[in-house]
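For the numbers below, each heavy atom of this structure counts, side chains included, while hydrogens, waters and symmetry mates do not. Everything quoted here is computed from the prediction, not taken from an experiment.
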Amino acid sequence: MDDVPSSKVAVGFLGPQPYMATALEELRETYDVHVLTPDGWSEQEMDAVAADCRAKGVEAVAGYAQKDAFHHVLINERLGNAVPRRLAFLHCMNKYLMRTLEADAFWFVAIDPLAQSDDEIIDSIAEWPFMLKNTSLSLGRGIYKIKDEDGLRQVLAAYRADTDLQQLIAAQNAAYTKGMTDAMPPVVPPFLGEHLVDMSRCVEYCYEGYITAEGEIVHYALTEEVYFRGHEALGYITPPISVGVDKAHEIEAWVEDYMGRMRDLGYLNQFFNLEFWILPDGTIALTEINPRAAHSYHYNYAYSFGANLYGDNLELVRTGRRLPGRTPWQVWLDGETRCYTLITLITATSTGPVEEILDYDYVDHLEQAEGVLVRHTRQREDVLVEADMTAAGVMLLQMWLTGDTKEDVVARERASRPMGGISQRGPGSLPSWCRWRTAWVSGGHVRFRWRPHAYRRCAHARVVLLRGSAV
């Protein structure tokens, strides 16, 4: 951290990524921001980081990525700020435990390949096919659609042979529970078997909220996942387009019920990101919870509502109180959304050099000439290997696009035809920056007018979908 004298309140920002640079500079207009990049969770390192913070007058720190969630707890705890108790944090970091708090959950079962035989596990499965999830991994890793017994046996055998992964999970759980005064849950399994949701008939949402130090649950924002090309490619749109404010009170009640149980375990003074399905019959079902704010949605909330997620998280940690003013959730309910914001994902589905998957001359043009905000999750010199692949492929880039209406941001496939969109081109005539064999763009081929990083006025974007899309 740089020691810069300032009359502003000093705060710590954990692990900012390059795409956050503009937001970080805006944050510095209000705060004396110190960047923190801790490596591990050891007592010695955390004590040293906290001592450095105190020496520089840092009152609170915040982290917005999964890798920063535990640092957020450990450092703020040492600075005297209220933080989630270890038992609550453990529930947020284990996909089985988080589901045990859900009222009327669909079928799920704990699975431990080291304590159960294949036959015992098979006997416990009530539904085929089903989803099998490693309870500790994130970012799409360790998730399997199990169709039959042979497929299940293969995954179980692979886990039993992977002693490095077993040790990693054990070490993480030991760190999360070190010094925990609450009783350990009776079961903390490495795998979860659960009902297979029909993605073609359901919509997934990402809900943001927070709980004050006194235990008040506050509704913050809602984003919808949108799918293209038969649920292969993905985007995130704020505010949602498939659910209206008439569903808001039901969502609020569901969130308050679930997070009330999490609060009872000690989840306090922190944002949370809840992912949930709305099923065909209107039922709300938990996907998972993340014990942090979702960093990429900062720009969605900024463009669509004029909010500042990073600053709000820091103020919550620092004061422990409900934040003044309206949240994006309330602005949406009041019908005062500024624009729609869509994050589009560019995802690779096969291995090889990244620079051969994307035309970086075109990517550079988008950033430098068009002013498009792009997050590079992989660098052009990277080489993708099989170990990088998840069920959804490997994300290479994210782009933020906005429009005055949802029709400006998400157009049906028919709208792409007069524009020569991707859906009308063969592999030889695709835009040069997208290699059809290895990459898709969630939003499709994009033509837009853009005001770079404009929080107060929305840019105008038109997104052309890939073939077969229906949003």
With rounding to the nearest 0.5 Å, note down the distance linking [atom1] in [X] to [atom2] in [Y].
X      : Y      : atom1 : atom2 : answer
Met262 : Met98  : CE    : CE    : 7.0 Å
Phe108 : Tyr96  : CZ    : OH    : 5.5 Å
Glu225 : Cys202 : CD    : SG    : 12.0 Å
Asp404 : Arg338 : CG    : CZ    : 12.5 Å
Tyr210 : Ile217 : OH    : CD1   : 12.0 Å

Any side-chain heavy atom of [X] sitting closer than 4.5 Å to one from [Y]?
X      : Y      : value
Phe70  : Arg86  : yes
Asp68  : Arg292 : no
Val317 : Val61  : no
Asp388 : Thr351 : no
Met20  : Tyr310 : yes
Val394 : Met389 : yes
His91  : Thr100 : yes
Thr341 : Tyr299 : no

Can you check whether [Y]'s main-chain N or O pairs, donor with acceptor, with [X]'s side chain at less than 3.5 Å?
X      : Y      : result
Asp257 : Trp254 : no
Arg99  : Leu286 : yes
Asn134 : Gly142 : no
Arg85  : Leu265 : yes
Glu204 : Glu275 : no
Lys145 : Leu196 : no
Thr347 : Gly393 : no

When you check the side-chain N and O atoms of [X] and [Y], is any donor under 3.5 Å from an acceptor?
X      : Y      : value
Gln66  : Ser138 : no
Tyr340 : Glu407 : no
Asn313 : Gln270 : yes

Point to revise | Trace of the side chain to side chain contact (heavy atoms under 4.5 Å, CB included) decision for Tyr205 with Ile251 | key: CA-CA 11 Å; Tyr205 298 86; Ile251 293 173; over 6 Å; no
Practice item. Begin from the C-alpha positions of Asn269 and Leu316 and carry the test side chain to side chain contact (heavy atoms under 4.5 Å, CB included) through to its verdict. Key: CA-CA 7 Å; Asn269 209 37; Leu316 172 66; 3.7 Å; yes
Review point. ring-ring contact (aromatic ring centres under 6.0 Å, His included) with Tyr220: which residues, sequence neighbours excluded?
Key: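 Tyr220 satisfies ring-ring contact (aromatic ring centres under 6.0 Å, His included) with Phe271, Tyr301 once adjacent residues are dropped.
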Review point. Stepwise, does the side-chain hydrogen bond (donor to acceptor under 3.5 Å, both in side chains) test hold for His219 with Gln330?
Key: CA-CA 8 Å; His219 303 283; Gln330 190 60 54; over 6 Å; no
Point to revise | Electrostatic pair Glu194-Lys95, nearest N-O below 4.0 angstrom | key: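 Salt bridge between Glu194 and Lys95, a charged N being under 4.0 Å from a carboxylate O: no.
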Exercise for review: Begin from the C-alpha positions of Leu36 and Cys53 and carry the test side chain to side chain contact (heavy atoms under 4.5 Å, CB included) through to its verdict.
Suggested key: CA-CA 9 Å; Leu36 285 70; Cys53 287; 3.8 Å; yes
Point to revise | Parallel, tilted or perpendicular, as decided by the 30° and 60° cut-offs, for the rings of Phe276 and Tyr207 | key: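 Tilted, since the angle between the ring planes falls between 30° and 60°.
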Point to revise | Whether Phe106 and His195 hold their rings parallel, tilted or perpendicular, with breakpoints at 30° and 60° | key: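 Ring orientation of Phe106 relative to His195: tilted.
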Review point. With sequence neighbours left out, what residues match Leu268 under side chain to side chain contact (heavy atoms under 4.5 Å, CB included)?
Key: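 If we apply the side chain to side chain contact (heavy atoms under 4.5 Å, CB included) test to Leu268, skipping adjacent residues, the hits are Ile211, Arg263.
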**Study point:** Residues in side chain to side chain contact (heavy atoms under 4.5 Å, CB included) contact with Arg375, at least two apart in sequence or another chain
**Key:**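 Side chain to side chain contact (heavy atoms under 4.5 Å, CB included) list for Arg375, sorted by chain: Gln17, Tyr19, His295, Thr377, Met395, Gln398, Trp400.
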Practice item. Assess whether atom CZ of Arg54 is packed by more than 12 heavy atoms of other residues, nucleotides or ligands within 6.0 Å. Key: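 Counting neighbours around CZ of Arg54, more than 12 heavy atoms of other residues, nucleotides or ligands fall under 6.0 Å, so yes.
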Review point. Does CG in Asp104 sit with more than 12 non-hydrogen atoms of other residues, nucleotides or ligands closer than 6.0 Å?
Key: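 No, CG of Asp104 has 12 or fewer neighbouring heavy atoms, counting only those of other groups under 6.0 Å.
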Point to revise | Met46 to Gly40 - nearest heavy-atom pair and separation | key: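 Closest approach of Met46 to Gly40, heavy atoms only: CE-O, 3.2 Å.
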Review point. Mind checking whether His72 and Tyr64 have ring centres under 6.0 Å apart?
Key: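 Aromatic pair excluded; centres sit 6.0 Å or further apart.
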Point to revise | Residue that, paired with Tyr31, satisfies side-chain hydrogen bond (donor to acceptor under 3.5 Å, both in side chains) out of Arg318, Glu315, Glu59, Lys8 | key: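 The side-chain hydrogen bond (donor to acceptor under 3.5 Å, both in side chains) with Tyr31 is passed solely by Glu315 among Arg318, Glu315, Glu59, Lys8.
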Practice item. Check the pair Tyr360, Val354 against side chain to side chain contact (heavy atoms under 4.5 Å, CB included), reporting the backbone distance first and the verdict last. Key: CA-CA 9 Å; Tyr360 277 93; Val354 172; 3.1 Å; yes
